[in-house]
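Inspection log for the structure reproduced underneath, given as C-alpha coordinates.
Chain letters run A, B, ... following the sequence lines, proteins first and then strands; every chain starts at 1.
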Protein chains: 2
Amino acid sequence: MSAEAATGEAWEDITPDAARRLVVAAVQAFAERGYHATTTRDIAGRAGMSPAALYIHYKTKEELLYQISRVGHQRSLAMLGEARDGGGTAADRLATAVRAFVRWHAEHHTTGRVVQYELGALAPDHYAEIVVLRRQSEDAIRTIIADGVAAGEFDVPEVSGTTLAVLSLCIDVARWFNPAGRRTPDEVGALYADLVLRMVGPGQR
Amino acid sequence: MSAEAATGEAWEDITPDAARRLVVAAVQAFAERGYHATTTRDIAGRAGMSPAALYIHYKTKEELLYQISRVGHQRSLAMLGEARDGGGTAADRLATAVRAFVRWHAEHHTTGRVVQYELGALAPDHYAEIVVLRRQSEDAIRTIIADGVAAGEFDVPEVSGTTLAVLSLCIDVARWFNPAGRRTPDEVGALYADLVLRMVGPGQR
DNA sequence: GCAGGCCCTAAGCGCTTGCTCACCCGCCAG
DNA sequence: CTGGCGGGTGAGCAAGCGCTTAGGGCCTGC
(Lines give C-alpha, C1' and ligand atoms only; values in the text may rest on other atoms or scores of the structure.)
Protein backbone atom coordinates (compact mmCIF):
# COMPACT_ATOMS: atom_id res chain seq x y z
CA MET A 1 0.00 0.00 0.00
CA SER A 2 2.59 2.54 1.07
CA ALA A 3 5.00 1.32 -1.58
CA GLU A 4 2.26 1.49 -4.18
CA ALA A 5 1.29 4.96 -3.06
CA ALA A 6 4.91 6.07 -3.21
CA THR A 7 5.25 4.62 -6.70
CA GLY A 8 2.07 6.31 -7.83
CA GLU A 9 2.93 9.68 -6.36
CA ALA A 10 5.24 10.61 -9.17
CA TRP A 11 2.67 9.97 -11.88
CA GLU A 12 -0.36 11.82 -10.59
CA ASP A 13 -0.49 14.25 -13.50
CA ILE A 14 -1.03 11.54 -16.10
CA THR A 15 -4.58 11.33 -17.43
CA PRO A 16 -6.88 9.59 -17.98
CA ASP A 17 -6.98 7.41 -14.90
CA ALA A 18 -6.51 4.19 -16.89
CA ALA A 19 -3.34 5.46 -18.54
CA ARG A 20 -1.90 6.36 -15.14
CA ARG A 21 -2.77 2.96 -13.67
CA LEU A 22 -0.97 1.35 -16.60
CA VAL A 23 2.20 3.37 -15.99
CA VAL A 24 2.20 2.53 -12.29
CA ALA A 25 1.66 -1.15 -13.09
CA ALA A 26 4.42 -1.09 -15.70
CA VAL A 27 6.90 0.53 -13.28
CA GLN A 28 6.27 -2.15 -10.70
CA ALA A 29 6.48 -5.00 -13.21
CA PHE A 30 9.58 -3.67 -15.00
CA ALA A 31 11.33 -3.06 -11.67
CA GLU A 32 10.51 -6.54 -10.39
CA ARG A 33 11.26 -8.67 -13.43
CA GLY A 34 12.89 -6.39 -15.97
CA TYR A 35 11.39 -5.05 -19.19
CA HIS A 36 11.89 -8.13 -21.34
CA ALA A 37 10.56 -10.56 -18.75
CA THR A 38 7.40 -8.50 -18.30
CA THR A 39 4.40 -9.34 -20.48
CA THR A 40 1.76 -6.90 -21.62
CA ARG A 41 -0.76 -9.28 -20.07
CA ASP A 42 0.97 -8.82 -16.70
CA ILE A 43 0.89 -5.03 -16.93
CA ALA A 44 -2.75 -4.97 -17.97
CA GLY A 45 -3.64 -7.44 -15.22
CA ARG A 46 -1.99 -5.31 -12.52
CA ALA A 47 -3.84 -2.27 -13.83
CA GLY A 48 -7.10 -4.23 -13.59
CA MET A 49 -7.94 -4.51 -17.25
CA SER A 50 -7.75 -6.80 -20.27
CA PRO A 51 -4.56 -7.08 -22.36
CA ALA A 52 -6.14 -5.26 -25.29
CA ALA A 53 -6.98 -2.18 -23.22
CA LEU A 54 -3.29 -1.35 -22.93
CA TYR A 55 -3.16 -0.53 -26.63
CA ILE A 56 -5.89 2.07 -26.36
CA HIS A 57 -3.55 4.25 -24.30
CA TYR A 58 -0.09 3.26 -25.55
CA LYS A 59 0.95 2.17 -29.02
CA THR A 60 3.51 -0.39 -27.81
CA LYS A 61 5.05 -1.82 -24.66
CA GLU A 62 8.19 0.15 -25.46
CA GLU A 63 6.25 3.41 -25.42
CA LEU A 64 5.36 2.71 -21.80
CA LEU A 65 9.04 2.22 -20.97
CA TYR A 66 9.89 5.40 -22.85
CA GLN A 67 7.28 7.38 -20.93
CA ILE A 68 8.64 6.14 -17.61
CA SER A 69 12.25 6.70 -18.61
CA ARG A 70 11.63 10.20 -19.94
CA VAL A 71 9.71 11.45 -16.93
CA GLY A 72 12.21 9.87 -14.54
CA HIS A 73 15.19 11.41 -16.27
CA GLN A 74 13.53 14.82 -16.48
CA ARG A 75 12.83 14.73 -12.77
CA SER A 76 16.43 13.72 -11.99
CA LEU A 77 17.80 16.47 -14.17
CA ALA A 78 15.52 19.06 -12.61
CA MET A 79 16.72 18.05 -9.14
CA LEU A 80 20.39 18.22 -10.03
CA GLY A 81 20.03 21.45 -12.01
CA GLU A 82 18.28 23.07 -9.07
CA ALA A 83 21.12 22.08 -6.77
CA ARG A 84 23.71 23.38 -9.23
CA ASP A 85 21.98 26.76 -9.54
CA GLY A 86 21.16 27.07 -5.84
CA GLY A 87 22.90 29.23 -3.31
CA GLY A 88 25.69 28.49 -0.88
CA THR A 89 29.16 27.06 -1.20
CA ALA A 90 30.05 24.32 -3.64
CA ALA A 91 30.02 21.92 -0.71
CA ASP A 92 26.48 22.99 0.18
CA ARG A 93 25.33 22.56 -3.39
CA LEU A 94 27.03 19.17 -3.80
CA ALA A 95 25.52 17.94 -0.55
CA THR A 96 22.08 19.16 -1.63
CA ALA A 97 22.40 17.44 -5.00
CA VAL A 98 23.52 14.12 -3.52
CA ARG A 99 20.95 14.20 -0.73
CA ALA A 100 18.08 14.82 -3.15
CA PHE A 101 19.29 12.38 -5.80
CA VAL A 102 19.90 9.58 -3.32
CA ARG A 103 16.64 10.17 -1.50
CA TRP A 104 14.76 10.00 -4.77
CA HIS A 105 16.47 6.77 -5.79
CA ALA A 106 15.60 5.26 -2.41
CA GLU A 107 12.04 6.49 -2.15
CA HIS A 108 11.23 5.70 -5.76
CA HIS A 109 13.58 2.77 -6.07
CA THR A 110 11.18 0.93 -8.39
CA THR A 111 11.09 3.83 -10.82
CA GLY A 112 14.81 4.33 -10.30
CA ARG A 113 15.54 0.75 -11.23
CA VAL A 114 13.65 1.09 -14.49
CA VAL A 115 15.19 4.47 -15.26
CA GLN A 116 18.75 3.34 -14.59
CA TYR A 117 18.83 -0.27 -15.67
CA GLU A 118 16.32 -0.72 -18.50
CA LEU A 119 17.76 1.92 -20.85
CA GLY A 120 18.99 -0.75 -23.24
CA ALA A 121 15.47 -1.83 -24.09
CA LEU A 122 14.52 1.57 -25.51
CA ALA A 123 14.14 2.03 -29.26
CA PRO A 124 17.23 3.66 -30.80
CA ASP A 125 15.67 7.12 -31.27
CA HIS A 126 14.18 7.14 -27.77
CA TYR A 127 17.50 5.98 -26.38
CA ALA A 128 19.33 8.81 -28.10
CA GLU A 129 16.90 11.29 -26.58
CA ILE A 130 17.43 9.90 -23.09
CA VAL A 131 21.21 9.91 -23.41
CA VAL A 132 21.08 13.69 -23.88
CA LEU A 133 19.26 14.08 -20.56
CA ARG A 134 21.77 11.81 -18.85
CA ARG A 135 24.68 13.82 -20.16
CA GLN A 136 23.08 16.99 -18.82
CA SER A 137 22.68 15.39 -15.39
CA GLU A 138 26.32 14.39 -15.40
CA ASP A 139 27.27 17.94 -16.39
CA ALA A 140 25.35 19.38 -13.46
CA ILE A 141 27.39 17.36 -10.97
CA ARG A 142 30.62 18.00 -12.83
CA THR A 143 29.96 21.75 -12.75
CA ILE A 144 29.44 21.79 -9.00
CA ILE A 145 32.65 19.83 -8.43
CA ALA A 146 34.62 22.01 -10.85
CA ASP A 147 33.27 25.10 -9.09
CA GLY A 148 34.47 23.75 -5.77
CA VAL A 149 37.90 23.03 -7.18
CA ALA A 150 38.13 26.51 -8.72
CA ALA A 151 37.10 28.09 -5.42
CA GLY A 152 39.73 26.08 -3.57
CA GLU A 153 37.04 24.30 -1.55
CA PHE A 154 37.64 20.88 -3.05
CA ASP A 155 40.76 18.89 -3.70
CA VAL A 156 40.08 16.02 -6.09
CA PRO A 157 42.54 13.94 -8.13
CA GLU A 158 40.40 14.17 -11.27
CA VAL A 159 37.14 16.06 -11.78
CA SER A 160 35.64 13.75 -14.43
CA GLY A 161 36.46 10.55 -12.61
CA THR A 162 35.15 11.91 -9.34
CA THR A 163 31.93 13.00 -11.04
CA LEU A 164 31.48 9.46 -12.32
CA ALA A 165 32.05 8.08 -8.84
CA VAL A 166 29.51 10.42 -7.25
CA LEU A 167 26.90 9.47 -9.84
CA SER A 168 27.71 5.77 -9.36
CA LEU A 169 27.12 6.02 -5.65
CA CYS A 170 23.74 7.70 -6.11
CA ILE A 171 22.48 5.53 -8.97
CA ASP A 172 23.42 2.26 -7.33
CA VAL A 173 21.05 3.05 -4.46
CA ALA A 174 18.16 2.07 -6.74
CA ARG A 175 19.70 -1.40 -7.10
CA TRP A 176 20.09 -2.26 -3.42
CA PHE A 177 17.60 -0.14 -1.54
CA ASN A 178 14.94 -2.12 0.27
CA PRO A 179 12.08 -0.23 1.95
CA ALA A 180 11.82 -3.06 4.50
CA GLY A 181 15.46 -2.50 5.50
CA ARG A 182 16.84 -0.57 8.42
CA ARG A 183 17.52 2.72 6.66
CA THR A 184 15.03 5.39 5.61
CA PRO A 185 15.59 7.33 2.37
CA ASP A 186 16.44 10.42 4.44
CA GLU A 187 19.10 8.56 6.39
CA VAL A 188 20.72 7.15 3.27
CA GLY A 189 20.67 10.60 1.67
CA ALA A 190 22.37 12.18 4.68
CA LEU A 191 24.98 9.42 4.96
CA TYR A 192 25.83 9.51 1.27
CA ALA A 193 26.05 13.31 1.19
CA ASP A 194 28.56 13.07 4.03
CA LEU A 195 30.59 10.37 2.27
CA VAL A 196 30.69 12.38 -0.96
CA LEU A 197 31.93 15.49 0.83
CA ARG A 198 34.73 13.42 2.32
CA MET A 199 35.60 12.21 -1.20
CA VAL A 200 36.03 15.66 -2.69
CA GLY A 201 38.52 17.00 -0.31
CA PRO A 202 39.81 18.07 3.04
CA GLY A 203 38.17 19.85 5.92
CA GLN A 204 34.52 19.64 4.92
CA ARG A 205 33.49 18.89 8.49
CA MET B 1 39.44 -9.41 -30.58
CA SER B 2 41.12 -8.11 -27.46
CA ALA B 3 37.77 -7.76 -25.74
CA GLU B 4 36.86 -11.28 -26.75
CA ALA B 5 40.18 -12.57 -25.51
CA ALA B 6 39.70 -10.75 -22.23
CA THR B 7 36.22 -12.21 -21.86
CA GLY B 8 37.49 -15.68 -22.62
CA GLU B 9 40.45 -15.50 -20.29
CA ALA B 10 38.38 -16.16 -17.21
CA TRP B 11 36.86 -19.35 -18.55
CA GLU B 12 39.89 -21.22 -19.81
CA ASP B 13 39.46 -24.15 -17.44
CA ILE B 14 36.06 -25.13 -18.80
CA THR B 15 36.06 -28.26 -20.98
CA PRO B 16 35.26 -29.43 -23.55
CA ASP B 17 36.03 -26.66 -25.97
CA ALA B 18 32.41 -26.38 -27.17
CA ALA B 19 31.12 -25.87 -23.62
CA ARG B 20 33.63 -23.05 -23.09
CA ARG B 21 32.72 -21.36 -26.36
CA LEU B 22 29.08 -21.45 -25.28
CA VAL B 23 29.84 -19.76 -21.95
CA VAL B 24 31.86 -17.04 -23.64
CA ALA B 25 29.09 -16.49 -26.17
CA ALA B 26 26.47 -16.39 -23.41
CA VAL B 27 28.45 -13.84 -21.38
CA GLN B 28 28.70 -11.52 -24.36
CA ALA B 29 25.04 -11.91 -25.31
CA PHE B 30 23.71 -11.55 -21.75
CA ALA B 31 25.88 -8.48 -21.16
CA GLU B 32 24.77 -6.84 -24.39
CA ARG B 33 21.05 -7.49 -24.33
CA GLY B 34 20.26 -8.96 -20.92
CA TYR B 35 19.33 -12.55 -20.09
CA HIS B 36 15.68 -12.43 -21.11
CA ALA B 37 16.33 -10.67 -24.41
CA THR B 38 18.93 -13.24 -25.40
CA THR B 39 17.77 -16.29 -27.36
CA THR B 40 19.37 -19.70 -27.24
CA ARG B 41 19.69 -19.40 -31.02
CA ASP B 42 21.80 -16.28 -30.55
CA ILE B 43 24.12 -17.96 -28.05
CA ALA B 44 24.55 -21.05 -30.22
CA GLY B 45 25.14 -18.89 -33.28
CA ARG B 46 27.90 -16.88 -31.57
CA ALA B 47 29.53 -20.14 -30.49
CA GLY B 48 29.41 -21.35 -34.09
CA MET B 49 26.95 -24.17 -33.76
CA SER B 50 23.29 -25.10 -34.18
CA PRO B 51 20.68 -24.27 -31.53
CA ALA B 52 20.29 -27.92 -30.58
CA ALA B 53 23.99 -28.33 -29.75
CA LEU B 54 23.61 -26.03 -26.74
CA TYR B 55 21.52 -28.67 -24.98
CA ILE B 56 24.25 -31.31 -25.25
CA HIS B 57 26.36 -29.29 -22.82
CA TYR B 58 23.78 -27.44 -20.69
CA LYS B 59 20.35 -28.58 -19.61
CA THR B 60 18.76 -25.12 -19.88
CA LYS B 61 19.56 -21.51 -20.70
CA GLU B 62 19.31 -20.73 -16.99
CA GLU B 63 22.07 -23.25 -16.23
CA LEU B 64 24.40 -21.21 -18.41
CA LEU B 65 23.55 -18.08 -16.44
CA TYR B 66 24.04 -19.96 -13.19
CA GLN B 67 27.45 -21.20 -14.30
CA ILE B 68 28.55 -17.67 -15.18
CA SER B 69 27.12 -16.17 -12.01
CA ARG B 70 28.65 -18.81 -9.74
CA VAL B 71 32.15 -18.58 -11.20
CA GLY B 72 32.03 -14.79 -11.22
CA HIS B 73 30.92 -14.56 -7.61
CA GLN B 74 33.48 -17.09 -6.47
CA ARG B 75 36.22 -15.11 -8.17
CA SER B 76 35.02 -11.86 -6.57
CA LEU B 77 34.86 -13.44 -3.15
CA ALA B 78 38.35 -14.92 -3.53
CA MET B 79 39.74 -11.50 -4.42
CA LEU B 80 38.11 -9.74 -1.49
CA GLY B 81 38.95 -12.51 0.96
CA GLU B 82 42.58 -12.38 -0.08
CA ALA B 83 42.67 -8.64 0.52
CA ARG B 84 41.00 -9.04 3.92
CA ASP B 85 43.51 -11.69 5.03
CA GLY B 86 46.54 -9.94 3.52
CA GLY B 87 49.18 -7.99 5.37
CA GLY B 88 49.54 -4.30 6.06
CA THR B 89 47.34 -1.70 7.66
CA ALA B 90 43.58 -1.66 7.22
CA ALA B 91 44.08 1.19 4.74
CA ASP B 92 46.45 -0.96 2.69
CA ARG B 93 44.04 -3.87 2.70
CA LEU B 94 41.04 -1.72 1.82
CA ALA B 95 42.97 -0.12 -1.04
CA THR B 96 44.06 -3.53 -2.31
CA ALA B 97 40.49 -4.84 -2.16
CA VAL B 98 39.00 -1.87 -3.99
CA ARG B 99 41.79 -1.75 -6.57
CA ALA B 100 41.39 -5.44 -7.43
CA PHE B 101 37.59 -5.45 -7.36
CA VAL B 102 37.29 -2.34 -9.51
CA ARG B 103 39.93 -3.51 -11.97
CA TRP B 104 38.13 -6.80 -12.37
CA HIS B 105 34.79 -5.10 -12.99
CA ALA B 106 36.42 -2.88 -15.61
CA GLU B 107 38.51 -5.52 -17.37
CA HIS B 108 35.71 -8.09 -17.32
CA HIS B 109 32.88 -5.62 -17.51
CA THR B 110 30.80 -7.99 -19.66
CA THR B 111 31.03 -10.76 -17.08
CA GLY B 112 30.57 -8.17 -14.34
CA ARG B 113 27.38 -6.91 -15.88
CA VAL B 114 25.91 -10.40 -15.97
CA VAL B 115 27.10 -11.21 -12.46
CA GLN B 116 25.75 -8.01 -10.93
CA TYR B 117 22.62 -7.25 -12.90
CA GLU B 118 21.12 -10.56 -14.07
CA LEU B 119 20.78 -12.17 -10.64
CA GLY B 120 17.01 -11.88 -10.79
CA ALA B 121 16.79 -14.32 -13.68
CA LEU B 122 18.29 -17.18 -11.67
CA ALA B 123 16.09 -20.04 -10.49
CA PRO B 124 15.15 -19.65 -6.81
CA ASP B 125 17.53 -22.33 -5.49
CA HIS B 126 20.43 -21.03 -7.57
CA TYR B 127 19.63 -17.50 -6.46
CA ALA B 128 19.73 -18.53 -2.81
CA GLU B 129 23.14 -20.09 -3.34
CA ILE B 130 24.50 -16.93 -4.96
CA VAL B 131 23.14 -14.68 -2.23
CA VAL B 132 25.30 -16.53 0.29
CA LEU B 133 28.42 -15.72 -1.74
CA ARG B 134 27.38 -12.08 -2.00
CA ARG B 135 26.88 -11.81 1.73
CA GLN B 136 30.37 -13.21 2.26
CA SER B 137 31.84 -10.63 -0.11
CA GLU B 138 30.08 -7.86 1.77
CA ASP B 139 31.40 -9.27 5.05
CA ALA B 140 34.97 -9.17 3.75
CA ILE B 141 34.75 -5.44 3.09
CA ARG B 142 32.90 -4.78 6.31
CA THR B 143 35.59 -6.62 8.28
CA ILE B 144 38.38 -4.53 6.79
CA ILE B 145 36.53 -1.31 7.56
CA ALA B 146 35.67 -2.44 11.09
CA ASP B 147 39.34 -3.39 11.63
CA GLY B 148 40.37 0.09 10.56
CA VAL B 149 37.89 1.70 12.92
CA ALA B 150 39.01 -0.51 15.81
CA ALA B 151 42.64 0.36 15.10
CA GLY B 152 41.82 4.04 15.05
CA GLU B 153 42.89 4.30 11.41
CA PHE B 154 39.44 5.05 10.05
CA ASP B 155 36.73 7.43 11.12
CA VAL B 156 33.39 6.54 9.53
CA PRO B 157 29.87 7.61 10.51
CA GLU B 158 28.50 4.09 10.11
CA VAL B 159 30.38 0.90 9.25
CA SER B 160 27.51 -0.92 7.51
CA GLY B 161 26.42 2.05 5.43
CA THR B 162 29.98 2.80 4.41
CA THR B 163 30.48 -0.84 3.41
CA LEU B 164 27.44 -0.58 1.19
CA ALA B 165 28.78 2.59 -0.40
CA VAL B 166 32.18 1.05 -1.12
CA LEU B 167 30.55 -1.97 -2.75
CA SER B 168 28.24 0.32 -4.74
CA LEU B 169 31.15 2.23 -6.12
CA CYS B 170 32.95 -0.91 -7.24
CA ILE B 171 29.93 -2.76 -8.65
CA ASP B 172 28.67 0.20 -10.64
CA VAL B 173 31.90 0.19 -12.64
CA ALA B 174 30.55 -2.79 -14.59
CA ARG B 175 27.57 -0.67 -15.67
CA TRP B 176 29.43 2.33 -17.08
CA PHE B 177 32.89 1.09 -18.00
CA ASN B 178 33.69 1.31 -21.69
CA PRO B 179 36.95 -0.21 -22.97
CA ALA B 180 36.94 2.39 -25.77
CA GLY B 181 36.89 5.19 -23.18
CA ARG B 182 39.77 7.25 -21.86
CA ARG B 183 40.47 5.28 -18.71
CA THR B 184 42.23 1.92 -18.38
CA PRO B 185 41.10 -0.57 -15.74
CA ASP B 186 44.28 0.13 -13.77
CA GLU B 187 43.62 3.86 -13.74
CA VAL B 188 40.04 3.43 -12.57
CA GLY B 189 41.21 1.03 -9.88
CA ALA B 190 43.80 3.49 -8.59
CA LEU B 191 41.39 6.44 -8.67
CA TYR B 192 38.63 4.56 -6.88
CA ALA B 193 40.97 3.18 -4.22
CA ASP B 194 42.03 6.76 -3.51
CA LEU B 195 38.43 7.97 -3.32
CA VAL B 196 37.46 5.16 -0.95
CA LEU B 197 40.35 5.94 1.38
CA ARG B 198 39.18 9.52 1.51
CA MET B 199 35.70 8.28 2.43
CA VAL B 200 36.77 6.25 5.42
CA GLY B 201 38.55 8.91 7.30
CA PRO B 202 41.16 11.49 7.92
CA GLY B 203 44.82 11.63 6.98
CA GLN B 204 45.07 8.71 4.56
CA ARG B 205 47.26 10.75 2.28
C1' DG C 1 -34.98 8.14 -27.11
C1' DC C 2 -31.40 7.51 -29.57
C1' DA C 3 -26.91 8.64 -32.36
C1' DG C 4 -22.15 8.97 -31.75
C1' DG C 5 -18.00 8.67 -29.46
C1' DC C 6 -15.19 6.62 -25.87
C1' DC C 7 -13.41 2.88 -23.26
C1' DC C 8 -13.20 -1.63 -22.91
C1' DT C 9 -13.37 -6.98 -23.88
C1' DA C 10 -13.13 -11.83 -26.09
C1' DA C 11 -10.98 -14.04 -29.34
C1' DG C 12 -7.32 -14.92 -31.93
C1' DC C 13 -3.38 -14.09 -35.54
C1' DG C 14 1.30 -14.59 -36.83
C1' DC C 15 5.54 -15.20 -34.90
C1' DT C 16 9.29 -16.41 -31.77
C1' DT C 17 10.70 -18.83 -27.90
C1' DG C 18 13.00 -22.72 -25.13
C1' DC C 19 13.62 -27.11 -25.91
C1' DT C 20 13.25 -32.13 -28.14
C1' DC C 21 13.83 -35.86 -31.28
C1' DA C 22 15.29 -38.76 -34.94
C1' DC C 23 19.14 -39.19 -37.31
C1' DC C 24 24.25 -38.63 -38.85
C1' DC C 25 29.30 -38.31 -39.01
C1' DG C 26 34.17 -39.31 -37.70
C1' DC C 27 36.98 -41.81 -34.54
C1' DC C 28 38.90 -45.78 -32.26
C1' DA C 29 38.97 -50.72 -30.23
C1' DG C 30 38.56 -55.54 -31.41
C1' DC D 1 36.17 -54.12 -41.59
C1' DT D 2 32.90 -53.02 -38.25
C1' DG D 3 30.25 -51.71 -34.29
C1' DG D 4 29.58 -48.40 -30.73
C1' DC D 5 29.77 -43.88 -28.94
C1' DG D 6 30.34 -38.95 -28.04
C1' DG D 7 29.36 -34.61 -30.29
C1' DG D 8 26.78 -32.73 -33.78
C1' DT D 9 22.53 -31.38 -37.11
C1' DG D 10 17.65 -30.21 -39.38
C1' DA D 11 13.22 -30.05 -38.52
C1' DG D 12 9.73 -29.07 -35.64
C1' DC D 13 6.56 -29.00 -31.29
C1' DA D 14 3.90 -26.72 -27.65
C1' DA D 15 3.57 -22.60 -25.40
C1' DG D 16 3.71 -17.91 -24.85
C1' DC D 17 4.62 -13.50 -26.92
C1' DG D 18 3.16 -8.53 -28.75
C1' DC D 19 -0.41 -6.83 -30.90
C1' DT D 20 -5.08 -6.53 -33.81
C1' DT D 21 -9.81 -6.78 -34.76
C1' DA D 22 -14.79 -7.03 -34.36
C1' DG D 23 -17.99 -5.87 -31.42
C1' DG D 24 -20.43 -4.24 -27.03
C1' DG D 25 -21.96 -1.44 -23.14
C1' DC D 26 -22.38 3.44 -21.20
C1' DC D 27 -22.38 8.28 -20.99
C1' DT D 28 -23.58 12.69 -23.29
C1' DG D 29 -25.99 16.12 -26.38
C1' DC D 30 -29.85 17.02 -28.84
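Protein atom CG of B/Leu65 is 13 Å distant from nucleotide atom P of C/dG18, rounded to whole Å. In this structure, B/Tyr55 places its OH atom 19 Å from P of D/dA11, rounding to the nearest Å. The interatomic distance linking A/Ile56 (CD1) with D/dG24 (P) rounds to 16 Å, in whole Å. One atom, NE2 of A/His57, and another, P of D/dC19, lie 16 Å apart when rounded to the nearest Å. The interatomic distance linking A/Phe30 (CZ) with D/dG18 (C1') rounds to 12 Å, in whole Å. In this structure, CG of B/Leu54 is placed 15 Å from P of D/dG10, rounded to the nearest angstrom. A/Asp42 has its CG atom 13 Å from the C1' atom of D/dG16, to the nearest Å. Protein atom OH of A/Tyr58 is 12 Å distant from nucleotide atom P of C/dC8, rounded to whole Å.
For D/dG8, the OP1/OP2 oxygens have no side-chain nitrogen or oxygen of B/Ser50 closer than 4.0 Å. Contact annotation: B/His36 does not reach the phosphate of C/dT17 (side-chain N/O to OP1 or OP2, under 4.0 Å).
Side-chain proximity of B/Lys61 to the nucleotides D/dG8, C/dT9, C/dG18 is greatest for C/dG18. For B/Ala52, the side-chain atoms get nearest to D/dT9 when compared with the rest of D/dT9, D/dC19, C/dC8. With distances taken from any side-chain atom of B/Ala53 to the nucleotides C/dT9, D/dC19, D/dT9, the minimum falls on D/dT9.
For residues 110-137 of chain A, the ring-ring contact (aromatic ring centres under 6.0 Å, His included) pairs, not counting sequence neighbours, are A/Tyr66-A/His126, A/Tyr117-B/Tyr117.
Contacts of B/Thr39 with the nucleic acid, taken as non-hydrogen atoms under 4.0 Å apart, involve only primed sugar atoms and P, OP1 or OP2.
Salt bridge status for A/Arg135 with A/Asp139: absent, with no side-chain N to carboxylate O gap under 4.0 Å. Salt bridge absent: B/Arg183 and B/Glu187 never bring a charged side-chain N and a carboxylate O closer than 4.0 Å.
Using bins of under 30°, 30° to 60° and over 60° for the plane-to-plane angle, the ring pair B/His108/B/Trp104 lands in the tilted bin.
Below the 3.5 angstrom threshold, one finds no donor paired with an acceptor across the side chain of A/Arg41 and the base of D/dG16.
Residues forming a side-chain hydrogen bond (donor to acceptor under 3.5 Å, both in side chains) with B/Asp147 (at least two apart in sequence, or on another chain): B/Arg93.
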